[in-house]
Amino acid sequence: MLSKTFPNPESDEGAGKPDSDPEHDRALEYALLRAFLKERVGFQFGVAVVDDDRTRAETIDALGKDLAADGIEWVVIDLRALPDDAGLLAEIRRRITALDGRPAAVGVVGIEWHLDLGNGGMRDADKPSPLLTDANFQRDVFPEQCPVPLVLWVTSLALSAISRLAPDLWHWRAATFDLCVEPPDLPVVEQLDRLVPRPDQSWQAQPKEEAHRRIALLRRMLEEISSDGDERRVRLLIELADATEQIGDYYASLQAGEEALAIAQRREDRGLVAASVMRISRILARQGQPEKVLELNQNALKIYESLGDMRSRAVALGEIARSKASHGAVDEALTMHQEELGIYESLGDARSRALTLGDIARLKTSRGAVDEALALHQEELGIYESLSDERSRALTLGDIAALKAERGEVNEALALHQEALGISESLGDERSRSVALMDIARLKAKLGAVGEALALHQEALTTCERNGYTDGMAAIGLDIARLLAKTGKLQQARALAERSLALFTQLGWPDWLISTQAFLDSLPPPGTDDHPTNTGATAR
């Protein structure tokens with residue numbers, strides 16, 4: 001019996017549907033895969049392609065129930081639980097032997113964990129994992145050691161890598177089953193998360209090399225997709241837009257988002273149109289185009305409402321609320337954030353609920369309701385602690401520290417900022433580390449410890465320069481310039497402020513441009529500083 005997730009193509013539910021219907025196509029692929037596994041003709045090798053974790057888990061579970069109904073043992077081997085030096089064939093043989101001859105079928109998942117798709121091969125080129133190499137060399141032994149059907153579950157991106165790494169075994173495959181259509185209730189944004197394997201959920205916190213390697217992988221995959229109308233190309237472009245934004249390459253992010261939108265519009269795929277529009281709006285928000293941002297997000301909201309996509313609707317509500325707040329419409333923004341919060345609560349989405357609590361807290365702070373904001377941030381912090389999300393916990397500690405400082409609890413604020421700094425350093429998160437250093441520096445400056453503040457700011461600036469964080473370089477440079485001006489180092493202050501002005505121009509941030517120019521205009525004419533001191537911060 002088929003799971004409700006996979007409708008039977010022979011039933012009335014599937015009858016009369018055109019071949020181009022994704023759900024019907026997926027049901028047919030599932031039926032073929034089920035028949036493949038139920039055939040009792042000895043060893044057969046097949047490949048099942050699924051990009052989304054949840055779809056994969058549901059499919060494997062449904063197959064287990066279907067096979068059990070026919071008295072067939074469904075042996076699932078998860079390679080993520082095996083060491084790198086494990087052999088695939090040896091593990092299959094061990095599991096099959098334990099069945100004492102009972103009918104069986106084997107499914108293998110998790111091969112991506114033993115691959116480095118960015119480099120097109122194994123994680124350690126000098127010592128490749130035996131999981132595929134042994135399987136490739138021992139392909140002739142498979143029929144004897146695995147006398148049952150075998151299906152290797154892979155993502156679409158791993159498919160070409162496996163064919164290169166294990167070409168002999170690859171030629172044995174009898175069929176490839178494409179099950180890449182995601183569940184209809186999974187938002188487009190979340191579907192992207194598994195399209196390209198990430199080191200972990202906080203991949204953005206990985207060192208700069210990891211982020212750039214991921215971007216290189218995305219671009220390589222885009223080059224391999226020949227049709228500009230391919231749905232996967234749109235998804236990859238949106239993912240590329242997100243990845244390039246994370247490293248501060250806003251021009252590349254906007255380009256990718258606009259290309260994704262153009263293809264989605266030609267395909268008349270409303271879900272992907274909305275996802276592309278929201279990606280573009282995030283970059284335009286950074287460039288100071290609030291009216292356009294609001295228009296784009298409202299269009300996306302209408303699409304998600306018409307599609308009945310509640311989670312994506314909540315995301316759009318959040319974006320619109322932030323736009324409203326930037327226009328000073330705080331009451332409207334709070335109302336929309338509360339609606340967004342209610343949706344996440346109904347969905348049981350703790351992480352998104354925490355993010356929304358943070359948004360509401362910041363609006364409360366802008367109104368001077370510090371105690372309310374502090375309580376909301378504390379609730380947000382508790383959620384991140386329950387999720388073991390250290391990166392988000394560090395950011396929230398920074399928010400709480402800022403409120404503590406505003407209430408005059410300076411020592412407690414410093415301790416919280418130091419805790420956030422320690423978390424960022426333990427995670428190797430250079431961007432969050434630079435933010436924590438800047439927060440501590442600003443607090444030190446308020447206490448009159450200008451020397452300490454300058455040293456911390458310089459360390460943060462060096463971190464941003466090393467990682468190419470243009471936004472951080474601009475903001476921290478302006479902070480240092482202001483401190484230098486207070487100590488009479490006007491030449492260096494002007495040089496750094498001019499550098500920040502150029503960077504903000506490059507970023508397209510009008511508000512920062514205005515404040516930086518105002519600072520420059522407030523300085524005495526060039527040549528006034530008679531006592532320059534080298535702080536290590538120089539204009540380039």
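Using a 4.5 Å heavy-atom cutoff, the side chains of H417 and L421 are not in contact.
Nearest heavy-atom pair across S424 and S432 is OG-CB, 3.3 Å. Residue Y304 comes nearest to G271 through the heavy atom pair OH-O, 4.1 Å, listed as atom of the first residue, atom of the second, then distance. Residues V273 and Q265 come closest through the heavy atom pair CG2-N, 3.8 Å.
Salt-bridge annotation for R393 and D389: absent, with no side-chain N of the basic residue lying under 4.0 Å from a carboxylate O of the acidic one. E319 and R322 are joined by a salt bridge, as a carboxylate oxygen and a charged side-chain nitrogen come within less than 4.0 angstrom of each other. The pair E258-R279 does not count as a salt bridge, with every side-chain nitrogen at least 4.0 angstrom from each carboxylate oxygen.
A side-chain N or O of E340 and one of T356 form a donor-acceptor pair less than 3.5 Å apart.
Taking the six-membered ring where the residue is Trp, the centroids of F177 and Y30 are separated by 6.0 Å or more.
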Report the C-alpha distance between K38 and L67 in whole Å, list the side-chain angles of each, state the deciding distance to 0.1 Å, and finish with yes or no for side chain to side chain contact (heavy atoms under 4.5 Å, CB included). CA-CA 7 Å; K38 286 186 177 182; L67 293 171; 3.6 Å; yes
Audit row: L296, M278, side chain to side chain contact (heavy atoms under 4.5 Å, CB included) steps and yes/no: CA-CA 7 Å; L296 290 173; M278 290 189 65; over 6 Å; no
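For N297 (side chain) and V293 (main-chain N/O), a donor-acceptor pair under 3.5 Å exists by modelled atom type.
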